[in-house]
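I have placed the structure first, in the form of structure tokens, so that the comments after it can refer back to it.
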Amino acid sequence: MGRKTVLVSGGAGFIGSHVTVELIEAGYDVVVADNMSNCDLTCFNGVKEITGKKDIPFVEMDFCDLPAVEKLFADFDIAAAIHFAGFKAVGESVGDPMKYYHNNLVSFMNILTVARRTGKCNMLFSSSATVYGEPDQLPVIEETPRKDAESPYGNTKRICEDILHDCVKAYPEVKGIALRYFNPIGAHPSALIGELPRGVPNNLVPYITQTAIGKRECLSIFGNDYPTPDGTCLRDFIDIVDLAKAHVCAVERMLKGKMKKDYEIYNIGTGHPLSVMDLVTAFEKANGVKLNWKYAPRRVGDVVAIWADADLANQELGWKAERPIEETLRSAWAWEKRLAGK
Ligand code: UDP
């Protein structure tokens, strides 16, 4: 059997670049497509260096442009598609909802529409634990009821899940897997690819590493009066390489006809909660650095606690988070230092 080609939309970004590496290392051909709206070529070049593959096809395109998507599917024989090409800033989505609804929904519908016409639409959607909102039970399983989204960003994740599910029900040629990510952090052990936030980081770990390197003065820990053991929020921080590997397992499951249902959902997390304070302490310990931090008021929209029950992914996908948190945090720091030329 020949090598299969996987399309990675948004493949030049943080998660997409790590997934591209793992797919190539697992023997897939990958087409990377990205409109470069939220990244530059740093990670794509890093992917080429890590894999030693200099000829990875790269298409600069916008998935909201239907003719461009049609051309992409005409130019490549795509066996499965992984869709990362979406905007992801929660706060921005509240201020400019149409930007989010337009980009995140139209791009996804365009891929689905065109992939369907090929007669084999194997679609992996990058969803988020944000669909669970503030859950009533912990850890969350895939059947834990979704909550109304707190932001337009979160709503686009929920709606895309529904679009995929409805398409699977209606069209026999469509199969879908939604992976619900918890909090992806860290970088590739090579430090050649990692997270490249534009402007002031919203997420915890880039803020930590930028503070440690001196780009930011002080980390604000948002809230220390939550009903948790140390008063700070609880999250399931999942290593980016582990998370990327889950995509390879999901693609294999799809392409090898191992799916039990035509639409499946998996939580991709470690199954273990860590508090924001735990993470700060672990970062300091793993890297031997002292971080400047202070408590600050709660951030609007934050859930108190969420972590995954990842048993389903462990059993069905044969995937498990493996990288110890210290290693993950060392990789995040190595990446930040590399960016700073240190
Ligand atoms: N957080 C923080 N300071 C920051 C960024 C994040 O205390 O500068 C906290 C945030 O309040 C949340 C956790 O870190 O409790 C994870 O936030 P992040 O934005 O990384 O991911 P989220 O869980 O919101 O998707």
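Throughout, residue positions are numbered sequentially from 1 according to the sequence presented. Numbering of ligands and ligand atoms starts at 1, following listing order. What you see below is based on every heavy atom in this structure, not just the backbone, and it leaves out hydrogens, waters and symmetry mates.
A salt bridge links R180 to E161: one of the charged nitrogens lies within less than 4.0 Å of a carboxylate oxygen. For the pair D136 and K147, the salt-bridge criterion is met [side-chain N within less than 4.0 Å of a carboxylate O]. Taking 4.0 Å as the cut-off between side-chain N and carboxylate O, K120 and E173 do not count as a salt-bridged pair. Between D75 and K71, at least one side-chain N (NZ, or NE/NH1/NH2) sits under 4.0 Å from a carboxylate O, which counts as a salt bridge. Taking the charged nitrogens against the carboxylate oxygens, K99 and E92 do have a contact shorter than 4.0 Å, which makes a salt bridge.
A continuous path of ILVMFWY side-chain contacts below 4.5 Å connects L204 to L291, so both sit in one hydrophobic cluster.
Polar contact with ligand 1: absent for L219 (N/O pair, distance under 3.5 Å). The shortest N/O to N/O separation between L204 and ligand 1 falls below 3.5 Å.
Remark: side-chain polar atoms of N292 are paired, donor with acceptor, to backbone N or O of E217 under 3.5 angstrom.
Remark: minimum distance from atom 5 (C) of ligand 1 to any protein heavy atom is reached at N202 O, 3.4 Å. Considering only non-hydrogen protein atoms, atom 11 (O) of ligand 1 sits nearest to D302 OD2, 2.5 Å. What sits closest to atom 18 (P) of ligand 1 on the protein, heavy atoms only, is N203 ND2, 3.5 Å. Atom 23 (O) of ligand 1 has its closest protein heavy atom at R235 NE, 2.6 Å. Among all protein heavy atoms, the one lying closest to atom 24 (O) of ligand 1 is R299 NH2, 3.0 Å.
Residue contacts with ligand 1, taken as heavy atom pairs separated by less than 4.0 Å, do not involve R298 at all. Counting heavy atoms under 4.0 Å from ligand 1, residue V276 touches it through the side chain alone. Under 4.0 Å from ligand 1, not a single heavy atom of P201 appears. At a 4.0 Å heavy-atom cut-off, ligand 1 touches N183 through the side chain alone. With a 4.0 Å cut-off on non-hydrogen atoms, F222 touches ligand 1 through its backbone as well as its side chain.
Close contacts between ligand 1 and S220 involve ligand atoms 2 (C), 3 (N), 4 (C), 7 (O), 8 (O) [criterion: under 4.0 Å to a heavy atom]. Listed by number with element, the atoms of ligand 1 under 4.0 Å from a non-hydrogen atom of Y207 are 8 (O). Here is the list of ligand 1 atoms found below 4.0 Å of a heavy atom in C233: 15 (O). Numbered from 1 in the order shown, with element, the atoms of ligand 1 that lie under 4.0 Å from a heavy atom of I221 read 7 (O).
Side-chain contact, D96 with Y101: no donor N or O sits under 3.5 Å from an acceptor N or O. Under 3.5 Å, the side chains of T270 and D236 contain a donor-acceptor pair of N or O atoms.
At least one side-chain heavy atom of T232 sits less than 4.5 Å from a side-chain heavy atom of Y295.
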